[in-house]
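Right, one structure below, let's go through it.
Chain identifiers are assigned alphabetically (A, B, ...) following the order of the sequence lines, protein sequences preceding nucleic acid strands; residue numbering begins at 1 within each chain.
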Protein chains: 2
Amino acid sequence: MTTRDEVAQLAGVSASVVSYVVNNGPRKVSPSTKQKVLEAIEKLNYRPNSIARALRVKKTLALGLIVPDSSNPFFAALVQSIEDIAYENGYTLLIGNASNDQEREIDYIRAFSERQVDGLLLVSSVSTTRSLEQLQKLDLPFVIVDRLVDDKLSVSTVVADNETGGYLATEHLLWHGHKNIACLAGPSDLTPSADRYRGWQKAMEKAGLEASPNLLIRSEFSSLQGYFAVKKLLETNGSITALFVSTDSQAIGALRAVIETGLDIPRDFAIVSFDNISQAAFTCPPLSTINQPIEQMGKVSIEMLLESMQNPKANFSKQVLPVELSIRRSCGCKYAI
Amino acid sequence: MTTRDEVAQLAGVSASVVSYVVNNGPRKVSPSTKQKVLEAIEKLNYRPNSIARALRVKKTLALGLIVPDSSNPFFAALVQSIEDIAYENGYTLLIGNASNDQEREIDYIRAFSERQVDGLLLVSSVSTTRSLEQLQKLDLPFVIVDRLVDDKLSVSTVVADNETGGYLATEHLLWHGHKNIACLAGPSDLTPSADRYRGWQKAMEKAGLEASPNLLIRSEFSSLQGYFAVKKLLETNGSITALFVSTDSQAIGALRAVIETGLDIPRDFAIVSFDNISQAAFTCPPLSTINQPIEQMGKVSIEMLLESMQNPKANFSKQVLPVELSIRRSCGCKYAI
DNA sequence: TTGAAAGCGCTAACAC
DNA sequence: GTGTTAGCGCTTTCAA
């Protein structure tokens with residue numbers, strides 16, 4: 001690797017001048033010397049060492065992102081959207097897959113902070129509290145994504161309006177005339193899961209129906225677990241005619257479980273789920289689902305992070321992004337895609 | 001941020017001793033001083049600055065990974081498996097999504113090398129040649145994943161046995177009695193796509209059938225593009241009864257296109273695809289597909305990279321990983337999942 | 001318009 | 001067993 005000093009030597013100038021031309025500043029250099037430097041850079045194929053630069057200026061232009069499961073389509077889409085905006089802003093993304101493991105998550109927080117990332121985006125695997133403790137004593141700008149934290153804490157968060165989403169989904173199922181509407185929720189310690197569940201509950205109660213415990217089942221956020229959960233539900237409860245599922249991933253398994261019992265969707269059984277991942281348009285039947293503005297979520301997250309990087313611990317904000325029902329076929333509506 | 005010098009001062013020792021206890025070497029320190037240092041570290045909540053360390057030792061313990069589209073389920077799975085092994089080995093992953101854009105890919109190569117990653121894993125978006133030029137003059141260990149390069153080049157690669165996969169898939173369709181077997185390939189400049197296509201071609205020819213151009217269609221690697229391509233194919237060619245699709249993503253769209261024409265799969269029409277992403281088990285009907293050993297691919301890639309990091313430009317290797325047919329329902333076989 | 005020099009936080013070779 | 005010191009490659013202030 002060639003260094004700045006070698007360039008300086010070849011160009012016959014001092015090291016600082018090389019720096020000025022590489023960074024276009026902070027001082028001006030005469031066109032002729034600039035030319036010489038540029039030629040030397042070209043000739044030696046010089047590339048500035050950003051590690052050395054980072055040490056000096058105390059900025060790495062790197063951001064950390066930790067997610068529970070990067071191959072889950074929802075997170076994959078979120079990661080992509082975040083990566084995109086990071087790239088636009090000249091930042092590089094360090095990615096950590098916590099694999100739904102709290103220890104690993106905390107490990108990554110530490111590793112990324114040691115690597116001096118300028119900011120951190122975190123989607124917690126389990127509860128956010130322990131990671132929060134870790135982060136608080138780290139003096140590292142961060143924002144919590146897709147997880148709600150105690151309102152009293154001075155922590156920036158961005159989430160979708162999960163409760164409203166659960167409500168809208170259930171309401172739509174009620175509108176189709178269903179009364180026995182079950183809910184397939186996710187793990188209870190994740191706030192999106194809890195909020196979507198609450199939305200279902202409220203819609204049921206508003207309609208004068210009981211959100212009874214035996215209408216509620218839970219599973220991890222995967223198609224396979226969704227499949228098993230619904231399979232079991234249908235074996236024990238034959239009167240159910242509709243289901244609100246807390247993620248599209250689970251719904252993909254749910255569809256299969258329902259179909260295997262010989263029921264036709266949507267004729268005999270309706271499903272509305274949540275997320276609107278791109279696969280939702282290609283299930284059979286296509287999923288009616290609550291659209292989560294994934295791109296916007298990524299965009300807002302980074303914007304908030306950059307904001308709090310400029311204004312360290314000044315202001316924090318809690319953003320709740322709107323959701324809407326995206327109608328396809330699984331709910332019983334007539335129109336396709 | 002507290003630094004090593006502050007720790008040294010509080011513990012009443014020299015800076016090097018702090019270094020020795022933090023790194024468990026290279027020199028021994030007496031238990032008592034070690035204790036003092038540890039206490040100071042604890043008290044000040046000291047975290048070593050790995051940027052400074054990297055500058056000194058010329059190792060960042062960071063690896064770069066560039067993929068064409070991180071939200072594509074296949075790449076998402078690949079990224080996850082690579083991240084996992086990187087983590088096990090104490091490396092952090094910088095991730096770059098090229099968005100199928102050659103310029104952006106090259107941009108990332110440059111950015112990652114400036115960041116002094118210890119090694120790079122690349123899945124090219126378009127042709128690998130331009131990126132290869134860039135990499136060659138960079139003196140950065142790298143391995144090309146899921147793309148073949150000219151055998152004569154001293155470049156390490158790991159790919160699945162795509163041609164055999166295409167052959168096996170088509171052979172299975174032939175075994176089911178199909179004769180008019182079309183092929184939905186991917187972009188022709190990507191080697192996996194070209195190789196899978198060749199597998200189809202060879203199987204057809206071996207069976208004495210013509211791999212005629214009007215049995216071949218192409219689309220990008222997405223469900224939506226797969227859908228459009230097959231839709232068009234079926235409109236213009238009514239005699240086709242089976243289809244080999246070069247990726248599961250495309251096949252998900254293909255399934256839908258076929259079903260919309262009123263045909264039943266697998267009764268009237270059979271499909272075998274490629275990749276065996278986790279979603280393939282949940283389509284309807286579930287996809288029979290060529291299993292690509294994604295985890296192993298990640299594992300082997302990193303191993304090869306670590307190898308060539310230790311042995312700079314000494315030896316390179318070209319690994320071809322075996323594939324196998326994973327039978328579900330879309331091909332016409334009777335057994336499920 | 002440019003050069004010299006200090007120093008970012010760390011490691012490790014050289015002293016003792 | 002421990003302290004001192006010379007850098008790693010860079011930015012930027014201080015001088016000229």
Side-chain angles (χ1 to χ4, degrees), chain A residues 1-38 40-41 44-62 110-111 113-118 138-140, chain B residues 1-38 40-41 44-62 110-111 113-118 138-140:
Chain A
M1 277 287 85
T2 107
T3 80
R4 182 210 50 175
D5 285 18
E6 304 176 51
V7 174
Q9 190 164 17
L10 178 62
V13 298
S14 80
S16 33
V17 175
V18 178
S19 194
Y20 302 144
V21 352
V22 167
N23 303 327
N24 273 318
R27 292 206 307 217
K28 293 199 51 160
V29 333
S30 77
S32 66
T33 36
K34 181 167 184 174
Q35 186 54 29
K36 281 190 297 183
V37 173
L38 256 15
I41 287 177
L44 299 175
N45 193 27
Y46 168 70
R47 295 281 149 224
N49 179 331
S50 56
I51 290 291
R53 174 170 219 284
L55 178 60
R56 180 63 230 243
V57 305
K58 292 177 181 308
K59 281 206 182 318
T60 52
L61 288 179
R110 204 186 46 248
S113 97
E114 285 182 14
R115 276 176 194 281
Q116 316 295 121
V117 293
D118 295 335
L138 233 41
D139 158 53
L140 168 66
Chain B
M1 276 286 84
T2 107
T3 79
R4 181 209 51 173
D5 283 20
E6 304 177 50
V7 174
Q9 189 164 17
L10 178 62
V13 299
S14 80
S16 38
V17 175
V18 178
S19 192
Y20 301 144
V21 353
V22 167
N23 303 327
N24 273 317
R27 290 206 308 217
K28 294 199 50 161
V29 333
S30 78
S32 65
T33 36
K34 180 167 185 173
Q35 186 55 30
K36 280 190 298 184
V37 173
L38 256 15
I41 286 176
L44 299 174
N45 192 30
Y46 168 71
R47 294 282 148 225
N49 180 332
S50 55
I51 290 290
R53 174 169 218 283
L55 178 60
R56 181 61 230 241
V57 304
K58 294 179 180 307
K59 280 206 182 318
T60 52
L61 289 178
R110 206 187 43 246
S113 97
E114 286 182 12
R115 276 176 194 282
Q116 317 294 120
V117 294
D118 295 335
L138 235 39
D139 159 54
L140 168 66

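- Here the P atom of nucleotide C/dC8 and the CG atom of B/L55 are 13 Å apart, to the nearest Å.
- Listed candidates were C/dG3, C/dC10, D/dG9. Nearest to the side chain of A/T3 is D/dG9.
- Side-chain nitrogen and oxygen atoms of B/Y46 include at least one within less than 4.0 Å of the OP1 or OP2 phosphate oxygen of C/dC10.
- B/S30 comes within 4.0 angstrom of sugar-phosphate atoms only, judged by non-hydrogen atoms across all strands, and of no base.
- A sub-4.0 Å separation between OP1 or OP2 of D/dT2 and a side-chain N or O of B/K28 is absent.
- At whole-Å resolution of the value, CZ in A/R27 and P in C/dT1 are 11 Å apart.
- Among the protein residues, A/S16 comes within range of the nucleic acid bases, having at least one heavy atom under 4.0 Å from a base atom.
- Taking atom CG of residue B/N24 and atom P of nucleotide C/dA12, one finds them 13 Å apart after rounding to whole Å.
- One can place NZ of A/K36 at 14 Å from P of C/dT1, the figure rounded to the nearest angstrom.
- Within 4.0 Å of A/S50, counting heavy atoms only, lies no atom of the nucleic acid at all.
- Among the nucleotides D/dG9, C/dG9, D/dT13, the one closest to the side chain of B/N49 is C/dG9.
- As a whole-Å value, the separation of B/N23 CG from C/dC10 P is 10 Å.
- Summarising the geometry, the separation between NZ on A/K59 and C1' on D/dT12 is reported as 16 Å, rounded to the nearest angstrom.
- Rounding to whole angstrom units, CD of residue A/Q116 and P of C/dG9 are separated by 9 Å.
- Taking the side chain of B/R4 as heavy atoms from C-beta on, and the options C/dT2, C/dC10, C/dG9, the nearest nucleotide is C/dC10.
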